[in-house]
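Below is one structure, written out as structure tokens; the observations come after it.
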There are 2 protein chains.
Amino acid sequence: MGTGAKQPRDAEPDRGTLVTPSAEFPPLGPEERAALGRIGERWRPPRRPDELPVDPALGRRPTGPTPSRFGRLTPIDMFTVEEPGELCATGPAHEPGSRVGRALTRLRRALFGPPLSSSAVIYERMRKLVALPILSSDLLSSVAYGPEAMLAVLVLAGGGALGLSLPLAAVLVVLMIAVGLSYRQTVPAYPHGAGSYIVAGDNLGTTAGLTAAAGLMLDYVLTVSVSIAAGVSAITSALPRLTSATVLIGVLVIAVLLAGNLRGVRTAGNIFVLPTYAFVAALIALLLVGYARAAGRGFAPAPPPPVAATQGLGLLLVLRAFSSGAVSMTGIEAVSNAIPAFRPREWRNARTTLSWMVSMLVVLFAGLIGLIHLNGLAPRANETILSQLGRLTFPTGPWYAFLQASTALILLLAANTAFNDFPRLLFFMARNGHAPRRFLHLGDRLSFNNGLVALALAATLIFVAFGGHTASLIPLYAVGVFLAFTLSQAGMVVHWRRHRDRGWRRRLVLNAIGATLSGMVLLVAAVGKFAEGAWLVVVAVPLLVLLASRIHRHYARFHQALALHPPPPGGAAPPVPQGPGGAAPPVPHAPGGAVEGEELPQEVRHLVVVPMARLNRASLRALAYAASLGQPTLAVHIAPEDAEADRFREQWRAWGDHLRLETIVSPYRAVIGPLAHYLEALHASRPELTLTVIVPEVVLRHRWHRFLHSRAEQRLRAALRALPGVVVTSVPVHVPE
Amino acid sequence: MGTGAKQPRDAEPDRGTLVTPSAEFPPLGPEERAALGRIGERWRPPRRPDELPVDPALGRRPTGPTPSRFGRLTPIDMFTVEEPGELCATGPAHEPGSRVGRALTRLRRALFGPPLSSSAVIYERMRKLVALPILSSDLLSSVAYGPEAMLAVLVLAGGGALGLSLPLAAVLVVLMIAVGLSYRQTVPAYPHGAGSYIVAGDNLGTTAGLTAAAGLMLDYVLTVSVSIAAGVSAITSALPRLTSATVLIGVLVIAVLLAGNLRGVRTAGNIFVLPTYAFVAALIALLLVGYARAAGRGFAPAPPPPVAATQGLGLLLVLRAFSSGAVSMTGIEAVSNAIPAFRPREWRNARTTLSWMVSMLVVLFAGLIGLIHLNGLAPRANETILSQLGRLTFPTGPWYAFLQASTALILLLAANTAFNDFPRLLFFMARNGHAPRRFLHLGDRLSFNNGLVALALAATLIFVAFGGHTASLIPLYAVGVFLAFTLSQAGMVVHWRRHRDRGWRRRLVLNAIGATLSGMVLLVAAVGKFAEGAWLVVVAVPLLVLLASRIHRHYARFHQALALHPPPPGGAAPPVPQGPGGAAPPVPHAPGGAVEGEELPQEVRHLVVVPMARLNRASLRALAYAASLGQPTLAVHIAPEDAEADRFREQWRAWGDHLRLETIVSPYRAVIGPLAHYLEALHASRPELTLTVIVPEVVLRHRWHRFLHSRAEQRLRAALRALPGVVVTSVPVHVPE
């Protein structure tokens with residue numbers, strides 16, 4: 001089956017599902033690189049601006065020029081020299097300057113640990129026996145709530161309808177096997193990671209990929225909510241006194257999971273091994289003991305409990321029960337996302353692990369349904385059916401407590417799986433421009449802080465809105481999951497038709513069966529549970545897809561606008577070095593050249609404008625700074641009435657009239673509007689000029705003092721933002737009080 | 001009595017109580033002017049920066065140089081030339097640039113009218129017969145709720161206690177006459193305006209002035225709340241169906257008053273004449289008819305109504321009744337604030353008007369109390385006592401409706417008085433640095449928008465909090481008013497002791513009596529009504545005084561920090577013009593020279609730093625801008641890992657390596673922190689350098705798109721704000737999408 005190595009993502013072999021901190025700095029494309037060189041050839045600075053008055057290596061350069069005679073060593077050891085020409089920031093260089101900021105940083109470090117270096121990104125490879133519990137916690141934990149969800153729908157038609165659980169379970173087992181086989185084929189085809197977003201996007205187009213991603217995003221959010229709701233139920237079934245605190249416990253658990261993941265729990269993956277195996281052991285013990293007892297009774301089923309029917313037993317009810325039971329399959333896609341984490345050959349080990357997982361799922365699910373039926377159990381409001389079964393099977397001894405504890409634990413771990421997968425999905429989406437770029441950022445603990453926080457917020461919102469009630473959340477759950485399954489497998493169908501590797505027909509048929517079955521479950525879940533909450537998902541998925549498309553369009557246009565283009569041949573500025581005199585004769589503006597198009601220093605024509613409100617230390621400093629640039633400089637004063645304008649001009653003469661002053665009377669007393677319009681008019685009279693507006697910015701120490709000042713600098717900046725070709729320079733003056 | 005012309009504010013004769021738009025631009029003191037000249041003498045720009053590539057007069061200068069050959073006329077007629085060397089902004093120059101802003105401006109103009117030119121500030125002088133109704137509306141309207149407030153306290157001790165109203169009214173009449181005489185003396189002593197804030201501050205010190213101001217501020221807020229509550233009561237007494245809408249009506253009335261004052265109702269002062277005279281006429285008719293009927297009964301008082309006592313008739317109750325009745329005097333200070341608005345000789349006309357006002361107050365107040373007693377009326381919950389009296393006296397005909405309508409109208413006008421006085425008080429406080437400077441700003445309708453909005457908000461808050469219930473508001477009212485009265489008259493006592501004009505002893509005694517009586521009412525009101533709400537005022541006044549002191553301290557230190565000082569003799573930079581080469585040899589930094597102390601261009605030593613995230617059009621434009629300044633330039637790149645740093649350096653070489661590049665590896669992936677610390681370290685190695693950090697700022701068109709970008713420019717600016725000597729320059733690049 002080595003054919004899987006021929007994979008369709010050869011164009012970007014290094015991207016795959018690798019997470020690198022430099023994803024925030026995408027490399028230049030070949031065209032942009034070529035343009036860069038062409039632009040650089042024409043670069044002619046007016047003077048040599050690279051004789052620096054400081055040593056940029058802070059006197060630490062091991063080789064190279066000796067420190068200048070004015071250089072001083074910095075007192076703080078914030079930067080070290082790693083290799084010639086490269087400084088490396090140490091821990092202290094990351095601390096904020098303000099006292100509050102430093103205190104917050106200390107608090108954060110205490111909670112989440114010291115920062116981790118980028119070199120600590122480890123691509124840890126997992127043995128199969130480790131991978132199995134880590135990747136299967138989400139899938140296997142589903143049997144803690146899946147059978148109950150199905151029975152809770154059937155029991156609406158009365159206790160007698162519970163018998164239908166056996167045929168439904170048989171259909172579900174077929175579905176599990178079909179989907180499992182289908183995924184088995186996806187793994188070797190996408191050895192760099194076969195998430196639904198990638199598989200559907202690759203084969204069915206961007207919209208299908210985004211639809212799968214939207215389904216998965218909702219799935220992850222609901223995995224957290226549902227798993228924690230079920231985990232809290234496991235606890236409150238054993239300790240009924242805690243029932244009233246359900247929401248509080250759940251929110252606390254989400255907070256702990258968030259904190260743990262912000263710390264970077266991922267590196268301690270081995271803690272997953274124990275609870276998963278404990279849960280499997282507890283369930284197998286439960287099944288063995290339970291069936292042994294049933295065998296003692298000659299496998300005679302206990303009569304169904306006398307529950308009165310509240311609804312008729314129609315087709316719709318059966319379909320709803322079926323789709324509720326199908327949530328037992330959530331988490332089956334975990335392996336396909338994590339193929340690169342296996343030891344070589346990755347896809348083969350991943351596939352084997354997948355087979356084990358599905359086998360265990362089938363055994364546990366079918367066994368539980370059968371045992372529940374034999375014992376004649378029905379769902380109750382205050383106790384989970386697994387807890388009822390535990391109490392029946394282990395009336396004495398610590399086994400019941402062990403079962404409940406391992407159930408609660410594996411459910412928490414399942415929620416934790418979403419904390420791993422959701423930010424990674426957003427990372428991949430952001431790398432393709434389908435999600436905000438901030439989800440590319442690796443926090444200082446190498447975790448995707450923004451994605452983690454987004455997930456925790458969304459999951460908390462849903463958990464609280466539904467009161468931590470598992471049964472209310474299930475209808476929302478199935479739609480997103482089966483949407484992703486269906487699209488992923490439909491994508492594989494297209495994949496086989498395109499690639500036609502050896503045995504492609506058989507594979508196509510298998511994937512087509514999987515896609516058809518998943519699609520039917522999707523339809524059943526969306527239609528049957530529409531009124532019970534599935535409409536939320538039906539509405540949310542297209543909205544998310546639309547949002548992602550809009551985000552992508554924005555980024556595409558943004559990058560297009562900022563992309564480098566080679567300069568027009570024989571264009572505006574001839575490559576003749578300018579004299580050092582500065583006041584070079586203005587060249588006529590190239591007709592096709594856009595404003596802000598200059599990428600060459602010799603094309604920049606300056607006019608420096610200094611708005612003056614009054615003559616004080618701050619404004620004189622701005623004037624001195626402006627004049628020291630040696631460019632044509634104009635001072636502007638806005639006066640509310642003639643008398644004030646005269647007074648200001650008189651002060652200006654007293655100062656010495658060193659610069660050209662223009663006074664504008666604003667009879668309606670506004671300052672920012674007339675000033676902005678005046679600058680606009682100046683700019684309109686010579687569009688090729690770059691106006692540099694130099695404003696003194698008084699920096700106050702206390703935040704509340706800002707209310708006492710007009711903050712004209714900020715308002716001017718906001719008014720000038722919209723004008724092209726206007727550069728704003730803030731000259732700060734720090735006021736001690 | 002011409003001695004009053006010798007007034008203590010001769011030091012600032014032009015400030016007085018005049019409101020000018022140039023108060024926002026205070027003139028330089030003589031020392032600062034001298035320093036300005038000394039600084040100007042040493043100014044040596046590196047090159048002549050005043051040869052401009054544009055015509056700053058936009059081609060409109062009537063005399064002077066012809067437009068440059070590159071000059072173009074601006075297409076929009078935003079600026080006209082008023083006199084040589086001065087542009088004048090026209091209406092369109094005040095319109096904001098954005099579409100939303102223009103729509104808002106149009107809406108505002110439709111509501112509040114077009115902007116008014118500064119030259120429209122009219123110092124209108126009033127004839128006495130016009131001044132009387134304008135200034136007395138607040139005072140005379142008080143009789144609409146003052147007597148009722150007193151009786152409402154007395155009736156707590158049963159219907160029989162209402163008879164006490166006659167002796168209490170006699171004492172109040174004495175108090176009115178004493179305070180009136182006291183103010184008669186203040187008027188000629190402060191012909192430029194004798195507000196309590198000025199009189200108390202002048203004679204008793206700043207804290208006393210601020211205390212009086214705090215009392216007045218609360219007084220104005222409560223005048224609005226109480227007058228509107230009483231006015232709404234007058235309406236609901238006549239039309240009981242409206243009672244449930246009391247709060248809504250009141251809030252609407254405040255909004256209408258605010259809108260009217262934002263429009264500048266002040267100029268239409270004549271609308272005050274009619275309602276005041278109508279109210280006086282209605283009350284006099286009421287008194288005449290009422291006493292004529294009583295004479296027909298032989299002035300035999302009707303028996304007091306049979307109201308059961310709920311409290312014992314103790315001294316405290318009597319004192320509380322007295323202080324409640326004293327609110328009839330609120331507004332007596334109006335004349336003293338408005339002296340400059342009278343025709344010459346101002347103080348004499350003002351004093352005469354004051355005498356008329358107090359006489360009318362005494363007649364109306366005493367007459368009403370007597371008539372209420374004769375008719376045996378008691379306060380009721382749903383009808384004002386004035387309305388009861390009106391119904392009794394005018395059982396038929398339109399007179400009752402006329403009385404109620406004129407009462408409601410004069411109460412609204414009284415509230416409007418506060419809308420005139422509160423912003424003016426804040427203006428005077430702001431001019432002395434005791435209130436935020438934004439209260440100096442005259443809006444485009446020549447009204448103090450900020451003060452008006454502050455008053456409307458505070459009054460609405462109090463009105464709503466007390467449910468528009470007049471009786472609940474009265475306890476708060478008396479304290480602030482009598483605090484201002486007491487301090488003003490105590491100030492006059494000190495004034496006479498200091499100045500000892502002719503007859504000063506007699507005047508001192510009169511003012512001392514006024515101060516003592518007011519002080520006693522203040523004490524009675526504060527103690528007797530402490531639990532009923534006066535504690536709010538007792539707490540608020542010191543807080544307001546503290547706040548004003550803190551504001552003043554901040555402004556004082558702020559102005560001290562920015563004040564101009566002459567340069568140190570024989571200081572750092574010799575007045576030798578620098579060569580045009582730019583890279584002048586660095587002069588050793590003056591040991592005593594503070595960072596940011598440079599006020600001379602030849603002292604500024606530049607280092608330009610360009611942080612580079614990636615090479616694109618925005619960053620290359622920032623680089624080109626930086627290089628075009630011709631100053632030493634350094635580019636800095638922050639990389640998350642070594643591999644990315646190598647990649648960026650390789651791109652840099654592909655560009656041509658035109659500028660010195662320093663790469664900093666930030667292994668913990670933060671960008672802003674290490675960059676800020678690196679700049680700090682650079683600056684520490686040469687503190688006399690001015691670092692100019694040039695950052696490309698991508699300007700997005702849609703606000704929601706900002707969420708998709710890291711806004712590193714803003715965060716960098718915030719991080720660099722705290723560093724002295726670091727100038728931040730934003731080079732904008734506008735992205736069409």
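Residue numbers begin at 1 in each chain, while the letters A, B, ... track the order of the sequences.
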Problem set entry | Nearest non-hydrogen partners of Leu564(A) and Leu615(B), listed with the distance | CD1-O, 3.8 Å

Exercise. Which pair of non-hydrogen atoms, one from Val604(B) and one from Ala624(A), has the smallest distance, and what is that distance?
Worked result: CG2-O, 4.2 Å

Exercise. Step by step, would you call Ser730(A) with Arg721(B) a side-chain contact (heavy atoms from CB on, under 4.5 Å)?
Worked result: CA-CA 10 Å; Ser730(A) 305; Arg721(B) 272 176 75 91; over 6 Å; no

Problem set entry | Contacting moiety of Arg669(A), where chain B heavy atoms sit under 4.5 Å | both

For this session: Against chain A, label Arg437(B) side chain, backbone, both or neither, depending on which of its atoms sit under 4.5 Å from a heavy atom there.
Result: both

Exercise. Distance-only, no hydrogens or angles: does the His658(A) side chain make a donor-acceptor pair with backbone N or O of Gly40(B) under 3.5 Å?
Worked result: yes

Exercise. At a heavy-atom separation under 4.5 Å, does Tyr555(A) approach chain B through its side chain, its backbone, both, or neither?
Worked result: side chain

Exercise. Just by modelled atom types, is the Ala654(A) backbone N or O under 3.5 Å from a matching donor or acceptor in the Arg33(B) side chain?
Worked result: no

Problem set entry | chain B contact via Gln560(A) - which portion, at a heavy-atom distance below 4.5 Å | neither

Problem set entry | Under 4.5 Å from any heavy atom of chain B - which part of Ala722(A) | backbone

Problem set entry | Tyr625(A) side-chain N/O to Thr690(B) backbone N/O, donor-acceptor pair under 3.5 Å | no

Problem set entry | Proximal component of His709(A), with respect to chain B [non-hydrogen, under 4.5 Å] | both

Exercise. Can you find a heavy atom in the side chain of Leu708(A) that is under 4.5 Å from one in the side chain of Phe558(B)?
Worked result: no

Problem set entry | Part of Leu720(A) lying under 4.5 Å from any heavy atom of chain B | neither

For this session: Please flag which part of Ala563(A) lies under 4.5 Å from any non-hydrogen atom of chain B: side chain, backbone, both or neither.
Result: backbone

For this session: Report yes or no: does Arg621(B) contribute a side-chain atom to a donor-acceptor pair with the main-chain N or O of Leu600(A) at less than 3.5 Å?
Result: no

Exercise. Stepwise, does the side-chain contact (heavy atoms from CB on, under 4.5 Å) test hold for Thr729(B) with Val728(A)?
Worked result: CA-CA 6 Å; Thr729(B) 295; Val728(A) 180; over 6 Å; no

